[in-house]
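The figures that follow rest on heavy atoms only: side chains count, while hydrogens, waters and symmetry mates do not.
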Amino acid sequence: MLNIRKTYKIVRDFLFSALNKEFLIFLFFLAVSGTFWLLMTLNETYEKELPVVVRISGVPKNVVITTDISDTVYVTVKDKGFMLMSYTTSNKLHPIVLNFGNYANKQTGHGQISTSDIQKFVRQQLFASSTITAVKADRLDFFFNYGRNKDVKIRLAGNIIPGENYYLAHVQFSPEKVTVYASESKLDSIESVSTEYLNIVNFDDTVVKTVRLKPMTGVKIVPDVVRITLYPDILTEESLEVPITAINKPDGLTIRTFPQRVRVRFTVGASMYRYIKSSDFQVVVDYKEIAAKPSDKCTLYLQSKPRGVNNAHLEMTQVDYLIEQ
């Protein structure tokens, strides 16, 4: 107790010394003037944007909402500062609950909520002195159907470039397909859905990413987030000998080329090379061209190559030939 009394005496003497009395008086008048300034400021008229939650109720169990409606609208209210402060410091503005049946058009599968309805429901919660000057929302309409859907594939969209001497060998989606809900006309036109734009460059190892699917108006995609796996493969330069065949020649006529096979050079993924065969390529000589422009040599053309092969070209483009009846 003695220590407490000593401490109290020291604090009291410090606070009520001549110098500190003047400081306390200064603080008192500063607080009074600040209060008057605040009261005058709050008595002025201002505009403030207030968020209001919007919900749709009464959705039948067999109805699927295919477009997300804005769950929050922003209402600009004009009033005295006192009133606006009460909106932000209390739960004055409650969520607006709208009945599905009042806005849904069952024939078109489309619903539209008017801003005047939003204003009416918000106005019921405001003070009499408050006025609404603006209403903002991302979307105040929605689409729905009665469960019509189909499964579609996913398409990769973006700038996907592996590192130098690599190529994209395979893209795997998980899941491989997604379910889309939409009106009958929209479902007929949807063959696939694409990912949001991706920019993945200079990678030389497997890349795994979780990505969102690009939204479409009036379409609900389930799930709207998928996992993609990118498999790069190193490029290697290889070659194969391919037989030369003649095209556009009459029956009973034979064209012999010297040599009868030509080497085709190409680049391909190292893991894919073992699946490439010479029969996957087609090198031809065109009889119509020979007949039109006779010469000692004929021109060779690489007419087809297997998928996944790049930069395919012939080691020689002209060879000797002989026509036999």
Can you confirm whether [X] sits close enough to [Y] that some side-chain heavy atom of one is under 4.5 Å from a side-chain heavy atom of the other?
X: V226; Y: P175; answer: yes
X: I228; Y: V207; answer: no
X: K297; Y: V319; answer: no
X: Y146; Y: V64; answer: no
X: Y287; Y: P250; answer: yes
X: L213; Y: V178; answer: yes
X: L50; Y: L93; answer: yes
X: L240; Y: V264; answer: no

Looking at [X], I want to see if its [atom1] is surrounded by more than 12 non-hydrogen atoms of other residues, nucleotides or ligands under 6.0 Å.
X: Y74; atom1: OH; result: no
X: K153; atom1: NZ; result: no
X: E184; atom1: CD; result: no
X: D151; atom1: CG; result: yes
X: Y275; atom1: OH; result: no

Treat each ILVMFWY residue as a node, draw an edge where side-chain heavy atoms are under 4.5 Å apart, and state whether [X] and [Y] are in one component.
X: F143; Y: L187; result: no
X: L156; Y: Y231; result: no
X: V59; Y: Y103; result: yes
X: I276; Y: L235; result: yes
X: V242; Y: I244; result: yes

How long is the span from the [atom1] atom in [X] to the [atom2] atom in [Y], to the nearest 0.5 Å?
X: T229; Y: H170; atom1: OG1; atom2: NE2; answer: 8.5 Å
X: T206; Y: D233; atom1: OG1; atom2: CG; answer: 10.0 Å
X: L140; Y: L98; atom1: CG; atom2: CG; answer: 9.5 Å
X: F142; Y: I113; atom1: CZ; atom2: CD1; answer: 5.5 Å
X: N105; Y: D141; atom1: CG; atom2: CG; answer: 12.5 Å
X: K78; Y: L126; atom1: NZ; atom2: CG; answer: 14.5 Å

So, [X] side chain and [Y] main chain: donor-acceptor pair closer than 3.5 Å or not?
X: N149; Y: G147; value: yes
X: K150; Y: I190; value: yes
X: T66; Y: G218; value: yes
X: Y181; Y: V222; value: no
X: N311; Y: F266; value: no
X: T245; Y: V284; value: no

Could you pull out the closest heavy-atom pair between [X] and [Y], with the gap in Å?
X: T299; Y: Q318; result: OG1-NE2, 3.4 Å
X: V262; Y: V283; result: CG1-CG1, 3.8 Å
X: P215; Y: E196; result: CD-OE2, 4.2 Å
X: E47; Y: T133; result: OE2-CG2, 3.5 Å
X: T195; Y: A157; result: OG1-N, 3.1 Å
X: L302; Y: H313; result: CD2-N, 4.3 Å

* Stepwise side chain to side chain contact (heavy atoms under 4.5 Å, CB included) test for M272 and V309 -> CA-CA 9 Å; M272 188 182 292; V309 166; 5.8 Å; no

* Asked: Taking atom types as modelled and ignoring hydrogens, do the side chains of S129 and D79 form a donor-acceptor contact shorter than 3.5 angstrom?
  ->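 On atom types as modelled, these side chains qualify, holding a pair under 3.5 Å.
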
Do the side chains of [X] and [Y] get close enough for a salt bridge, i.e. N-O under 4.0 angstrom?
X: K136; Y: E49; answer: yes
X: E324; Y: R256; answer: yes
X: E241; Y: R263; answer: yes
X: R265; Y: E237; answer: no
X: K305; Y: D280; answer: no

* What's the verdict on side-chain hydrogen bond (donor to acceptor under 3.5 Å, both in side chains) for S183 and N145, showing C-alpha distance, side-chain angles and the deciding distance? -> CA-CA 6 Å; S183 63; N145 73 6; over 6 Å; no

* Give a yes or no on whether the ring-centroid distance for F144 and F100 is below 6.0 angstrom. =>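 Distance test on ring centres: under 6.0 Å, yes.
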
* Ring-ring centroid check Y166 F203, cutoff 6.0 Å ->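 Centroid separation for Y166 and F203: 6.0 Å or greater.
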
* Give the intermediate values and the outcome of side chain to side chain contact (heavy atoms under 4.5 Å, CB included) for residues Q119 and V75. => CA-CA 8 Å; Q119 289 189 35; V75 181; over 6 Å; no

* Show the numbers, then the answer: is there a side chain to side chain contact (heavy atoms under 4.5 Å, CB included) between T267 and T236? => CA-CA 5 Å; T267 56; T236 178; over 6 Å; no

* Candidate pair T210 and V225, rule side chain to side chain contact (heavy atoms under 4.5 Å, CB included), full reasoning -> CA-CA 7 Å; T210 299; V225 175; 3.2 Å; yes

* Which is it for E289 and Y301 under the side-chain hydrogen bond (donor to acceptor under 3.5 Å, both in side chains) test, yes or no, and what are the steps along the way? -> CA-CA 12 Å; E289 182 178 291; Y301 298 96; 2.6 Å; yes

